[in-house]
Amino acid sequence: MNIIDIIAKKRDGRELEKKEINYFIKEYTENRIEDYQAAALIMAIYINGMTYREIKDLTIVMAESGDILNLSEIGENVVDKHSTGGVGDKVTIILAPLIASFGIPVAKMSGRGLGFTGGTADKIESIPGYNTEISEKEFIKNVKNIGISLITQSLNLAPADKKIYALRDTIACTESIPLIASSIMSKKIASGANKIVLDVTCGSGAFMKNLRDAKELSKTMIEIGKLANRETICVITNMNQPLGYAVGNSLEIIEAINFLNGNMPKDLKDVVLELGAYMIKLAGKGEDINENKKRLLDNINNKKALNKFIELVQNQGGDIDYIKDISKFKKSEFIQEVIANNDGYVQNINAEEIGKISCELGAGRKTKNDKIDLNVGLILNKKIGDYVNKGEILATIYANNLKKAKDAEKRILNLYLIGKEKIEEKTIIDVVS
Ligand code: URA
């Protein structure tokens with residue numbers, strides 16, 4: 001077998017056999033195929049697509065390219081959640097302790113930010129001392145002891161995905177249904193969960209820009225889940241504007257802490273409750289979705305979720321004084337307000353552009369080795385559907401560089417589309433199972 005024939009086959013739109021997919025993944029992961037050849041094949045997949053069978057074979061071989069965690073000692077049903085990526089997405093930070101507060105084990109591995117989307121692992125590291133890079137043994141021990149652990153993807157899970165994901169990012173091949181589906185599901189399979197709830201984001205700040213593609217991606221991941229014996233549910237959520245008000249690492253952690261104290265932005269609350277209700281259902285702890293949502297709210301109001309978060313942070317070396325007193329978080333040097341220059345309803349705030357601005361301020365990485373600034377970002381004071389008067393604050397920028405703050409101000413002002421008509425955004429678009 002050779003890689004040139006495999007590239008030619010996919011280039012011509014033909015279906016790859018399992019042994020050809022296995023050959024490519026194995027040889028590429030072990031550095032026996034050049035990046036330019038892998039890039040050609042990935043581009044051919046991007047253009048010509050894959051059948052479900054090909055996607056399943058690709059997913060399984062990527063999952064098996066590294067270790068596969070055995071979480072059976074944690075429980076019979078281990079539920080995991082994953083988002084296809086968005087801007088201002090602090091759902092995992094809230095949902096992980098909230099679900100664990102029901103006694104449902106949470107063994108969560110989260111990625112770092114790349115490009116315009118942020119990463120949960122970076123966000124939680126804005127709590128001084130929090131260690132996201134513990135060993136597999138310690139990770140499992142933590143889940144057994146306190147019911148929760150949240151770490152970054154430092155274990156040797158799905159290394160083939162890591163390599164291919166980094167390559168896709170450099171050759172404009174990120175937004176591909178077979179490639180996203182196999183990337184996400186290979187990591188989920190390798191991380192040991194047998195029940196999976198997926199947040200499939202849809203809109204300007206997501207990889208899936210329209211509902212048709214979001215549904216197709218959902219269907220594909222559910223099919224792979226079935227073939228791999230992992231029950232999977234997809235919740236399609238709106239990412240036409242950032243989720244909640246905060247974008248940027250410590251700013252998002254502060255918003256998550258406020259949420260756990262009962263101060264819940266409406267769109268963020270809708271996503272947390274919908275995903276959480278399905279996680280409880282898949283864990284076998286409650287069939288009725290509406291009832292589950294009420295129970296989730298109870299555990300926020302009675303502070304059980306907040307206390308679980310404090311326990312998680314303490315157990316992983318973080319300074320819990322920051323959770324008890326959010327004014328301890330380091331402030332950025334410059335604070336720049338963006339002021340509305342006309343009256344009307346906010347009709348659009350392009351989430352991808354907001355993500356890019358936050359990245360420019362230093363909150364994200366352009367390449368994977370960039371160092372990020374945990375204390376910069378922005379707060380949206382107005383969101384889609386809000387009425388704004390001329391002279392009111394649309395957004396507040398937190399920067400450590402005055403020029404960057406001024407550039408961001410101009411760009412954000414242009415992003416706010418203000419008009420006469422009030423636009424209603426629906427947060428939960430669909431549930432696919
Ligand atoms: N998230 C992933 O883990 N992989 C993708 O390809 C896209 C989003």
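Here the structure is a predicted model, which is why all the values come from computation and not from measurement. Residue numbers run from 1 in the order of the sequence given. In listed order, ligands and their atoms are each counted from 1.
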Electrostatic pair Lys383:Asp267 at N-O distance under 4.0 angstrom
yes

Salt bridge between Asp122 and Arg365, side-chain N to carboxylate O under 4.0 Å?
yes

Amino acids in close contact with ligand 1, where any non-hydrogen atom sits under 4.0 angstrom away
His82, Thr84, Tyr165, Arg168, Ile180, Ser183, Ile184, Lys187, Phe207

Donor-acceptor pair between Arg411 and Asn414 side chains, under 3.5 angstrom
no

To the nearest 0.5 Å, what is the distance between CG (Asn194) and CG (Asn229)?
8.5 Å

Under the side-chain hydrogen bond (donor to acceptor under 3.5 Å, both in side chains) rule, what pairs show up with a residue in residues 253-263, not counting sequence neighbours?
Lys90-Glu255

Assess whether a salt bridge exists between Lys226 and Glu223, defined as any Lys/Arg side-chain N lying under 4.0 Å from an Asp/Glu carboxylate O.
yes

